[in-house]
Amino acid sequence: MKVLHDVFQRLLEAYGPQQWWPGDSPLEVMVGAVLTQNTSWKNVERAIANLKQARALTLDTLHAMSHEELAELIRPAGYYQLKAKRLKNLLALIADRFDGEVDELLSLNRTQLRDALLSVNGIGPETADSMVLYAAHQPIFVVDTYTSRVLKRHGWIQFDADYREIQELFHMGLAEDTELFNEYHALLVRVGNQHCRKTPKCDACPLRAMLPDGGPLEE
DNA sequence: CACCAGGCAAGTA
DNA sequence: TACTTGCATGGT
């Protein structure tokens with residue numbers, strides 16, 4: 001799929017490198033991945049700031065903290081009861097199966113790591129893949145709402161394509177390159193935020209020349 | 001005021 | 001398997 005390379009070039013030229021994932025440690029990346037589920041990154045930043053303020057971005061602190069305490073700190077990220085539980089589930093995985101060491105979890109190969117993460121209640125495909133790519137730095141393509149929307153509106157995939165099919169498209173069409181996958185996903189989120197919202201704003205979009213005749217496709 | 005954001009799981013038929 | 005619903009804050 002040559003179009004995948006073209007899209008990447010256009011986005012990179014328009015926006016430049018995105019320097020993802022914002023975060024100082026693998027644990028912070030993983031926490032952020034849970035907190036940003038269906039949530040704007042702006043709100044996640046507030047929650048992360050609260051955790052840092054409380055010196056709560058270490059495994060030990062998080063593990064020792066009560067559900068109520070954790071929930072209150074991450075409140076700005078929304079779904080805070082649910083996400084506190086999901087973070088605790090992730091901590092439990094690390095404590096129970098990886099000797100309480102994040103590095104031991106992250107040293108698994110990408111397939112085993114993905115499966116381990118998916119076994120946690122509250123971690124689905126996108127969150128798991130975000131952790132594999134941005135915390136473990138292994139080449140897996142992260143598919144999110146914007147990725148799907150951009151491809152569908154341009155007619156590059158079927159509207160009923162699921163997560164696995166979209167991910168396979170990128171895996172088949174691109175070199176298996178962690179830096180490429182990193183930058184590409186971040187750029188798709190960027191163009192999605194600015195142009196490929198629910199109601200599209202294609203006027204100044206870097207990809208507008210690639211639209212089908214008659215504009216973006218819809219269901 | 002309504003709508004949306006870097007999803008996921010559980011319930012229903 | 002294929003839909004539907006709950007979860008929640010903060011910005012536009």
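Order of the sequence lines fixes the chain letters, A, B, ..., with proteins taken first and strands second; residue numbering starts at 1 for each chain.
- Between Asn89(A) atom CG and dG7(B) atom P the separation is 19 Å, expressed in whole Å.
- Proximity of Ser40(A) to the phosphate of dC4(B): no side-chain N or O atom is located under 4.0 Å from OP1 or OP2.
- Asn193(A) places its CG atom 8 Å from the P atom of dA5(B), with the value rounded to the nearest Å.
- With respect to Arg208(A) and Asp203(A), no salt bridge is recorded, no charged nitrogen being found less than 4.0 Å from a carboxylate O.
- Closest-nucleotide positions on DNA chain B for Asn121(A) and Thr39(A) were compared, and the one nearer the 5' end corresponds to Thr39(A).
- Going from atom CZ of Arg197(A) over to atom C1' of dA5(B) covers 7 Å, rounded to whole Å.
- Rounded to whole Å, the separation between the P atoms of dG10(C) and dC8(B) comes to 23 Å.
- Nucleotides dT5(C) and dC3(B), compared at atom P, are 15 Å apart to the nearest Å.
- In this structure, Glu126(A) atom CD and dA9(B) atom P are separated by 12 Å, rounded to whole Å.
- Nearest nucleotide to the side chain of Arg46(A), out of dA9(B), dA8(C), dG10(C): dG10(C).
- Nucleic acid contact class of Asn43(A) (heavy atoms, under 4.0 Å, all strands): base.
- In this structure, Lys201(A) places its NZ atom 13 Å from P of dC4(B), rounding to the nearest Å.
- Side-chain proximity of Pro76(A) to the nucleotides dC4(B), dG10(C), dA9(B) is greatest for dG10(C).
- When the P atom of dG11(C) is taken as reference, atom CD of Glu45(A) falls 11 Å away, rounded to whole Å.
- Considering only side-chain N and O atoms, Arg149(A) lies nowhere under 4.0 angstrom from the phosphate OP1 or OP2 of dC4(B).
- Within the 4.0 angstrom heavy-atom criterion, only backbone atoms of the sugar-phosphate kind lie near Arg75(A); the bases stay farther away.
- The pair Arg10(A)-Asp6(A) does not meet the salt-bridge criterion, since no charged nitrogen lies less than 4.0 angstrom from a carboxylate oxygen.
- Side chain of Lys198(A), nearest nucleotide from dA8(C), dG7(B), dC4(B): dC4(B).
- Here Phe181(A) and Phe170(A) keep their ring centres 6.0 angstrom or further from each other.
- Val143(A) comes within 4.0 angstrom of no nucleic acid atom, judged by non-hydrogen atoms across all strands.
- Among the atoms of the strands shown, none is found under 4.0 Å from any heavy atom of Arg190(A).
- Side-chain proximity of Asn38(A) to dA9(B), dA5(B), dG11(C): nearest is dA5(B).
- With sequence neighbours left out, Lys52(A) forms a salt bridge (charged side-chain N to carboxylate O under 4.0 Å, His left out) with Asp24(A), Glu28(A).
- The one candidate from His185(A), Gln138(A), Arg114(A) that meets the side chain to side chain contact (heavy atoms under 4.5 Å, CB included) condition with Asp129(A) is Arg114(A).
- Within 4.0 Å of Leu188(A), counting heavy atoms only, lies no atom of the nucleic acid at all.
- One can place CG of Asp160(A) at 14 Å from P of dT1(C), the figure rounded to the nearest angstrom.
- Nucleic acid contact class of Thr145(A) (heavy atoms, under 4.0 Å, all strands): sugar-phosphate only.
- Here the nucleotide nearest the side chain of Leu82(A), chosen from dC7(C), dC8(B), dA5(B), is dC7(C).
- In this structure, Thr178(A) OG1 and Arg110(A) CZ are separated by 8.5 Å, a value rounded to the nearest 0.5 Å.
- Following rounding to the nearest Å, Leu117(A) (CG) and dA9(B) (P) show an atom-to-atom distance of 12 Å.
- Here Thr36(A) does not reach the OP1 or OP2 of dA5(B): none of its side-chain N or O atoms lies under 4.0 Å away.
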